[in-house]
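Each ligand, and each atom within it, is numbered from 1 in the order the structure gives.
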Amino acid sequence: MEFRQSSKLTGVCYEIRGPVVDRANELEAAGHRVLRLNIGNPAAFGFAAPAAILDEMVRRLPTAHGYSDSRGIRPAREALVARYTARGVADLDADDVYLGNGVSELAGMAIQALVDTGDQVLVPSPDYPLWTAVTRLAGGTAVHYRCDESNGWQPDLDDIAARITDRTRAIVVINPNNPTGAVYSRELLEGIADLARRHNLMILADEVYDRIVFEGEHHHIAALAPDVLCLTMSGLSKSHRVAGFRAGWLVVSGPRQHARDYLEGLTMLAGMRLCPNSPAQFVVEAALADTSLDALVAPGGRLREQRDAAWRALNAIPGVSCVKPAAALYAFPQLDPEVHPIRDDERFVLDLLLAEKIHVVQGTGFNWPDPDHFRIVTLPEADELTAAITTIGRFLQGYRQ
Ligand code: PLP
């Protein structure tokens, strides 16, 4: 008898680790060097973990081998309360904080505890596809709201409002955004908060890039909406370059009295996985005090230089345009359909991989409706990134589907 995947997985997609990855692995196994621009993994591009975090991990490891409280160790949760309180999120207590194995695990838990079959969750398009995937896995429907490329990829408030129904339970706000690199304005976040307030929606704020900001200011939507139930998620994967430690957190803010039942469910899910990875919890406090990211983001800093190089090189390709990413680790260029008539963007990504050994992700992998974008990770050194994008431009010149 054949073992088949459960029907729960029907329609669940996660292309960042999807089938093209298998081809990339095969190419590597056959001795090719593949430039992996498909996944935002700083360690793979020579970013070292901050010394303060490694030292703390080594120091704490001998006593970090037991299960912890299922929400995570208290000192780390208290340090997070202090951080978010200092940044304007009101009325927090350590019990409002759940540590997790990255935002990935916590996003799944937050949705699983909330969504019944047929419930709807508003998710941006393009999105970080985890949110659509966990919503579908929970039996819900991800309803995609439009982010407007011609307006710096800011979400379109009217489009969000038009998609709210009596089955809508929550709105996902990814700010700063992956894949677009947009940082949302205060006015826009207040507009989203207002919609949530009027329609009784929970706000699920994915802010894993909140410190990797090149232009503009990042606002926590939880600070702007103290009267709305917000679950703010972030972690150490990107800003602290320790993605493999699987250290993330979720902070509950706003009126909890109407959410007791939901929070009981969330706490039960936290208990079912017993606890998050213990050694990583012990570095959260030290990581929050670490400022080594600042030099990477400042003018002349490596991350900013790479962002600039990618943006310049992409816009130098005929028929390609890219909104300047104000934050995060990605660019999401558009392929002008008049110049590059691509009908199947997964095929394009595969053809690029096979021909040039460069692995990017197709725009439709981010729940973008048209096959006219791709996402590139801006983590390689600027020279390598420029060379890779120039190669993509050359490939595009001769490419026809
Ligand atoms: N949210 C966004 C927007 C991301 O881009 C990523 C990873 O790329 C994650 C969440 C997952 O992060 P973590 O490593 O904390 O699970």
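Residue contact check for ligand 1: M233 places no non-hydrogen atom closer than 4.0 Å to it. At least one heavy atom of G102 sits closer than 4.0 Å to an atom of ligand 1. For the pair W131 and ligand 1, no heavy-atom separation below 4.0 Å is found.
Side-chain contact check for Y84 and W249: at least one donor-acceptor pair (N or O, by modelled atom type) lies under 3.5 Å. Side-chain contact of D127 with T132: a donor-acceptor pair under 3.5 Å is present, judged by distance alone. Side chains of D351 and Y399: a donor-acceptor N/O pair is present below 3.5 angstrom, by distance only.
Only the side chain of S237 comes within 4.0 Å of ligand 1, counting heavy atoms alone; its backbone N, CA, C and O stay farther away. Using a 4.0 Å cut-off between heavy atoms, R246 contacts ligand 1 through its side chain alone, with no backbone atom that close.
Expressed to the nearest 0.5 Å, how far OG of S321 lies from CG of D336 amounts to 7.5 Å. Distance check: L27 CG to L354 CG gives 6.0 Å after rounding to the nearest 0.5 Å.
The nearest heavy-atom contact from the protein to atom 15 (O) of ligand 1 is V103 N, 2.7 Å. Closest to atom 4 (C) of ligand 1 among all protein heavy atoms lies Y209 OH, 3.5 Å. For atom 3 (C) of ligand 1, the closest heavy atom belonging to the protein is D206 OD2, 3.3 Å. Distance from atom 8 (O) of ligand 1 to its nearest protein heavy atom, with residue and atom name: K238 NZ, 2.8 Å. Atom 9 (C) of ligand 1 has its closest protein heavy atom at Y128 CE2, 3.5 Å. Atom 11 (C) of ligand 1 has its closest protein heavy atom at S104 OG, 3.4 Å.
Those atoms of ligand 1 with a heavy atom of N178 less than 4.0 angstrom away are 3 (C), 4 (C), 5 (O). If you number the atoms of ligand 1 from 1 as listed, the ones under 4.0 Å from a heavy atom of I174 come out as 3 (C). Near Y330, meaning under 4.0 Å from one of its heavy atoms, ligand 1 places the atoms 8 (O).
Aromatic ring centroids of Y128 and Y209 lie 6.0 Å or more apart.
The pair E305-R302 fails the salt-bridge criterion, with no side-chain N (NZ, NE, NH1 or NH2) lying under 4.0 Å from an Asp/Glu carboxylate O. Using a 4.0 Å cut-off between charged nitrogen and carboxylate oxygen, R304 and E215 count as a salt-bridge pair.
Formation of a donor-acceptor pair under 3.5 Å by the T364 side chain with backbone atoms of N367 is not found in this model.
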